[in-house]
Structures are given as C-alpha cells and as structure tokens.
Amino acid sequence: MKSRVSGLLATTASLFAIALSMAPSRLLADDDFAYGRRLFLDKAQCSYCHGWAGDGAGEPQSNGGAANLRNSSLDRKSLIEVISCGVPGTPMPHFDEGAYSDNRCYGMTEAELGSRTPGLPPSTTLQKREIEALADYLLAKIIRRGPVTRAECHEVFGERGRSCDEIAQ
Ligand code: HEC
C-alpha cells in the first residue's frame, strides 16, 4: 500500500515536472509573436498599407497596391531584405535607415537608383532585430495562411475589439 501511494506521488510529481517544462516555452512562443504583431500593427504600421491581416487591404488613404503578403513566397532571408530595403520603384518603403547610404541593398545607392529609390516609412525605421522579428511574425502568422479567418481576427483584436463577425468562420 505504502509503495502504491509513493508511486502515485512520483507519477504526479513527474507530471508536474512535464507541465512546468512545457509552460515557459509556450509563454515564450506567444510572446515572440505578440512582439512581431505589435511591430506590424503599431510601431512600423505595415498594416497601414498591407492591412491588419497582411492581405493587401490597407487603409483607404494609403498608396494602395500593397502586396497580399498571405500569398508571398518569400523566404526569411528575402523577407528581411525586402523589409530592410523596400522595393525600388514602388511605394514599399525601406525600414533600414541606412539602406541606400551605401550599396548594402541590391548593390545600389540612392545616386544610382534616383527616383526609383524606396522612400522612408510612414512611421519609423527599425533595428535589425525588429526586422527579423517581423519576418518571423509574417512566416508564423501571415504567409501561406489562406483566406483571413474570424479566429485570426479575434486573436488580433480580442473577442470584442472590432467587428470580426463580418468574416466567415
Ligand atoms: C507605404 C505603404 C507600405 C508600407 C507602410 C509597407 N509596405 Fe510592404 N509593400 C508595399 C507595396 C506597394 C508592395 C508591393 C511592391 C511591388 O509591387 O512589388 C509591398 C511589398 C512588400 C513585400 C513583398 C511581398 C512579395 O511577396 O513580394 C513584403 C514582404 C512587405 N511589403 C512587407 C512589409 C512589412 C513587413 C511592412 C512593415 C514593416 C511593410 N511592408 C510596410 C507597401 C507598403
């Protein structure tokens, strides 16, 4: 009897240990995306042109024509390059402040690109680690995610934050 009780206690203890070892990594992962999401929606205002869900439905007053990032086929390295350098000849701005001060972007300087040089962002330029966090956020939550879902809307705006009901389940 005694050994059965201690066996049970040992099982309970190891279940606790497993639960504890899982919890921090779950929290960390959620937190990582919360950071990338804040950059996308607030600090960098990517959503101004690309829409909160990255589907290209930005604010009416933006330049329009922003890419539907959900259909993008770019990998992490190319995403970092596009966010840092922008897309020459289009409204996609460069978020690396010094992007065209030397030839770090596409091997071109502002002098060579002339009027095709991507502009400064509507909000602010970003640090390298912020650009990397954005690329990771896009890969985890936006790219190849198909049509925007109501669950996603609730994840971003909370249960009552915005009218998510217009989006199909
Ligand atoms: C001023 C409007 C504007 C803002 C702000 C903006 N973008 Fe863009 N973005 C565009 C446009 C327009 C394009 C399409 C360029 C083209 O025609 O190739 C684009 C293209 C892209 C692409 C390339 C997609 C592909 O598959 O080729 C990525 C990635 C991207 N944007 C990410 C971002 C991120 C991340 C942010 C915020 C840090 C951001 N953009 C902010 C307008 C904007």
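Note that the structure is predicted; figures quoted are calculated from it, not measured. Both counts, for ligands and for their atoms, begin at 1 and track the order of listing.
- Within the structure, ligand 1 lacks Tyr48 among the residues with a heavy atom less than 4.0 angstrom away.
- Among Ser62, Pro93, Ala67, the residue whose heavy atom lies nearest to atom 14 (C) of ligand 1 is Ala67.
- Ranking protein heavy atoms by distance to atom 2 (C) of ligand 1, first place goes to Cys49 SG, 1.9 Å.
- Nearest protein heavy-atom neighbour of atom 15 (C) of ligand 1: Thr90 OG1, 3.5 Å.
- Atom 28 (C) of ligand 1 has as its closest protein heavy atom Leu69 CD2, 3.4 Å.
- In this structure, the protein non-hydrogen atom closest to atom 8 (Fe) of ligand 1 is His50 NE2, 2.0 Å.
- For Glu112, the CD atom is densely surrounded, since the number of other residues' heavy atoms within 6.0 Å is greater than 12.
- Of the N or O atoms in Gln45, none lie within a sub-3.5 Å distance of an N or O in ligand 1.
- Taking every heavy atom of both residues into account, Phe40 and Gly51 meet most closely at CE2-O, 3.4 Å.
- When the heavy atoms of Pro88, Cys46, Ala66 are ranked by distance to atom 38 (C) of ligand 1, first place goes to Cys46.
- Put simply, part of Gly65 is less than 4.0 Å from ligand 1, judged by heavy atoms.
- Environment of CD in Glu166: sparse, with no more than 12 heavy atoms of neighbouring residues, nucleotides or ligands closer than 6.0 Å.
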